[in-house]
Asks: 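My questions all concern the structure below.
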Amino acid sequence: MRPTPPPIRAFVWGKAMRESRLVVAGGLALGLLAVIAILAPWIAPYDPLAVSLPEALLPPSPAHWVGTDPLGRDVLARLMYGARISLVIGVIAVGVAVVIGTMVGLVAGYVGGRVDSVLMRVVDTMLAFPSIFLLLAVIAMLSPNIYNIMVVIGLTSWMGVARLVRAEVLSLKEREFILAARAIGASTWRIMWRHVLPNVTAPVLVAATLGVGGAILTESVLSYLGLGVQPPTPSWGNILNEGRVALGVAWWLTLSPGVCILVTVLAFNLLGEGLRERFLK
Amino acid sequence: MAAYLIRRLLSMIPVLIGITIISFGVMKLAPGKPTDVMLDFNPKASVEARERMEQLLGLNQPIHIQYLTWLRRVATLNFDRSFRDGRPVTEIVVERLPITLTINVCALVLILGLAIPLGVIAAVRPGGLFDRATTVLVFIGYSTPAFWLGLLGIAWLGVALGWVPVSGLHSLDAESMSLVGRALDAAHHLVLPVGIMTFVGLAGLSRYARSSMVEVLRQDYIRTARAKGLPERLVLFRHGLRNALLPIVTILGLSLPDLIAGSVVMETVFAIPGMGRLFYDAVMARDQHIVMALVTIGAVLTLLGNLLADAAYAAADPRIRVGKSHA
């Protein structure tokens with residue numbers, strides 16, 4: 001007595017819909033955010049740096065949709081400009097991590113032997129390092145600015161990609177098309193570049209998408225601690241930092257940047273998870 | 001087993017040396033010396049005084065000599081003195097460590113106590129209502145900045161409603177309380193930070209518990225257990241959970257760096273005088289000996305956590321002991 005199988009087409013279609021719902025929701029949210037970030041100079045209701053002390057700490061109103069901060073600056077305008085900072089830092093930091101991680105993983109996996117064990121030992125070392133220590137120490141000592149933050153976040157987050165790529169390469173290496181490429185005399189570089197690399201892009205893309213969310217969270221923590229983006233340039237983290245003085249009074253200063261961070265990171269995570277289900281399962 | 005442990009312990013040494021060299025290099029090569037913070041606000045400090053100070057602290061020697069001096073001291077568990085107040089670093093750390101440990105152990109116990117049941121219930125019916133609800137919760141937990149939750153908690157539960165104290169570890173009148181009263185007072189102060197660390201940490205672990213349990217429930221021996229008519233409760237807990245717990249142990253070891261990072265942030269938000277806050281203050285003041293001590297302690301704790309997790313795994317699962325683990 002076998003149970004009746006579920007209707008296959010309905011099942012597959014339902015599954016595809018579920019997956020793409022994640023991708024679509026995450027993608028739409030990010031698209032909207034990117035548009036706001038790019039158009040910030042044209043659509044922001046006020047100059048994000050325009051100080052107006054008589055208007056300090058106004059609650060949300062038709063004139064200032066998200067209220068004003070302790071210096072009377074419009075919070076909505078600052079949030080819009082903050083989106084630029086967060087997205088740029090998130091994407092570039094992950095770019096740095098992906099480049100380093102992919103190179104280390106490719107070389108370790110493909111060359112193997114001694115090189116592999118040395119590189120993997122370096123990865124272990126970096127993973128054992130509570131990265132917040134390195135982040136805080138390096139940025140505090142190097143003077144915090146956007147470029148340092150991007151590079152340092154990238155330098156402390158490439159290990160996952162390296163492990164991922166290495167594992168992929170190890171399994172690819174045994175496959176017949178690599179063997180065939182070697183048999184016709186392709187150079188190591190050519191094999192790595194033309195045959196191995198294209199086959200690791202899907203998992204790397206997924207890891208990168210999920211990584212951007214993490215990088216944005218890290219940036220917000222650093223900015224909140226005063227070691228990230230420096231005022232007066234607005235970033236979601238430093239708006240939270242500036243809102244601390246009015247904590248309990250100006251709730252909009254604490255609520256709104258956090259919601260922005262949450263929504264953005266959530267969107268990247270949804271997109272990444274959706275891509276993972278689509279490409280890697 | 002003993003040989004395995006010894007091999008693993010020995011392999012920690014190069015990793016530790018690597019970590020300390022990186023941190024030492026970063027600190028020494030970066031602009032800004034501890035003497036700047038000590039002397040900048042003192043207009044009477046002459047160039048000669050500055051040099052004398054540097055000589056006294058050994059800051060004028062080549063960097064590798066400084067590192068070796070440091071390493072020799074640390075080998076005897078002497079982390080030198082703080083640049084700020086001249087107290088031995090070990091003394092300061094011993095004072096702060098119990099606070100951070102208490103917070104982290106509380107959070108960890110709560111995380112485990114909640115994440116495992118959540119994961120198990122979700123795994124019993126994958127795709128069911130409970131599973132989907134916890135998935136949403138997990139995604140939100142993953143994406144929420146913990147320090148922001150802290151700020152919201154302070155603003156709403158602390159300032160607006162007045163339910164919990166908003167900073168520090170003790171009330172002002174803690175001195176006059178009985179021992180039990182003081183403990184309750186401290187617990188009251190920790191409700192918010194520990195609660196938030198639990199919520200944020202819950203996400204990863206419950207997801208992990210779920211997938212581990214789903215995996216186990218697919219195995220043949222579960223079908224056998226069901227087939228021979230065991231009550232579902234026994235199938236789930238005796239046959240299922242016991243096997244599903246193994247991988248969870250590993251992830252626990254790996255989540256230590258996150259907990260350490262969480263302490264730095266939470267202790268700063270809530271002004272709790274623990275190791276995390278100490279690290280933040282030390283970095284800001286270029287107090288190199290304290291920074292180095294905390295980095296070393298953090299790395300040792302992380303490595304020991306990994307080792308413990310692997311050892312527990314190996315002890316419970318003989319298949320691991322044979323093969324070399326390097327995924």
Asks: Hey, which of B:T268, B:V295, B:L303 has the most heavy atom pairs under 4.5 Å with chain A?
Replies: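 Most heavy-atom pairs under 4.5 Å with chain A: B:V295.
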
Asks: Given the options A:L127, A:L266, A:L136, which has more heavy-atom pairs under 4.5 Å with chain B than any of the others?
Replies: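 Maximum pair count with chain B is reached by A:L266.
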
Asks: State, yes or no, whether a side-chain contact exists between A:L227 and B:M284 at a heavy-atom distance under 4.5 Å.
Replies: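 Yes - at least one pair of side-chain heavy atoms lies under 4.5 Å apart.
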
Asks: Looking only at non-hydrogen atoms, find the nearest pair between B:S143 and A:N269 and report the distance.
Replies: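 Of all heavy-atom pairs spanning B:S143 and A:N269, the closest is OG-ND2, 3.1 Å.
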
Asks: Which heavy atom of A:Y224 sits nearest to which heavy atom of B:V269, and what is that distance?
Replies: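 Between these two residues, the closest heavy atoms are CE2-CG2, 3.7 Å.
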
Asks: Is it the backbone or the side chain of A:V123 that comes under 4.5 Å from a heavy atom of chain B, or both, or neither?
Replies: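 Neither part, no heavy atoms under 4.5 Å.
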
Asks: Which of the residues A:L135, A:V249, A:V221, A:L170 is involved in the greatest number of heavy-atom pairs with chain B at under 4.5 angstrom?
Replies: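 Ranked by contacts with chain B, first place is A:V221.
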
Asks: With a 4.5 angstrom heavy-atom cut-off, which part of A:L270 approaches chain B: side chain, backbone, both or neither?
Replies: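 Both backbone and side chain of A:L270 come within 4.5 Å of chain B.
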
Asks: Taking all non-hydrogen atoms of both residues into account, name the closest pair between A:I261 and B:P145 and its distance.
Replies: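 That closest heavy-atom pairing would be CG2-CG, 3.6 Å.
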
Asks: I'd like to verify something: which residue of A:S220, A:P257, A:G226 has the highest number of heavy-atom pairs under 4.5 Å with chain B?
Replies: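 Option with the greatest count: A:S220.
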
Asks: Which bit of B:F279 is near chain A, if near means a heavy-atom gap under 4.5 Å: side chain, backbone, both or neither?
Replies: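 Side chain of B:F279 only, per the 4.5 Å heavy-atom cut-off to chain A.
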
Asks: Under a 4.5 Å heavy-atom cutoff, which of A:T125, A:L134, A:V122 has the most pairs with chain B?
Replies: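 Heavy-atom pairs under 4.5 Å are most numerous for A:T125.
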
Asks: With a 4.5 angstrom heavy-atom cut-off, could you sort out which part of B:I22 is near chain A: side chain, backbone, both or neither?
Replies: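 The side chain, not the backbone.
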
Asks: Given the options A:I139, A:L255, A:V263, which has more heavy-atom pairs under 4.5 Å with chain B than any of the others?
Replies: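 Top option by heavy-atom pairs under 4.5 Å: A:L255.
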
Asks: Quick one: closest heavy-atom pair of A:I132 and B:A261, and the distance?
Replies: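 Here A:I132 and B:A261 meet closest at CG2-CA, 3.5 Å.
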
Asks: On a heavy-atom basis, which atom in A:R121 and which in B:P14 lie closest, and how many Å separate them?
Replies: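 So the minimum-distance heavy-atom pair works out to NH1-CG, 4.2 Å.
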
Asks: For residues 146-163 of chain B, please give each side-chain donor-acceptor pair under 3.5 Å, one per line with the distance, not counting sequence neighbours.
Replies:
from, atom 1, to, atom 2, distance (Å)
B:W148, NE1, A:T254, O, 2.7

Asks: Any idea which of B:L294, B:V265, B:L301 has the most non-hydrogen atom pairs under 4.5 angstrom with chain A?
Replies: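 Ranked by heavy-atom pairs under 4.5 Å with chain A, first place is B:L294.
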
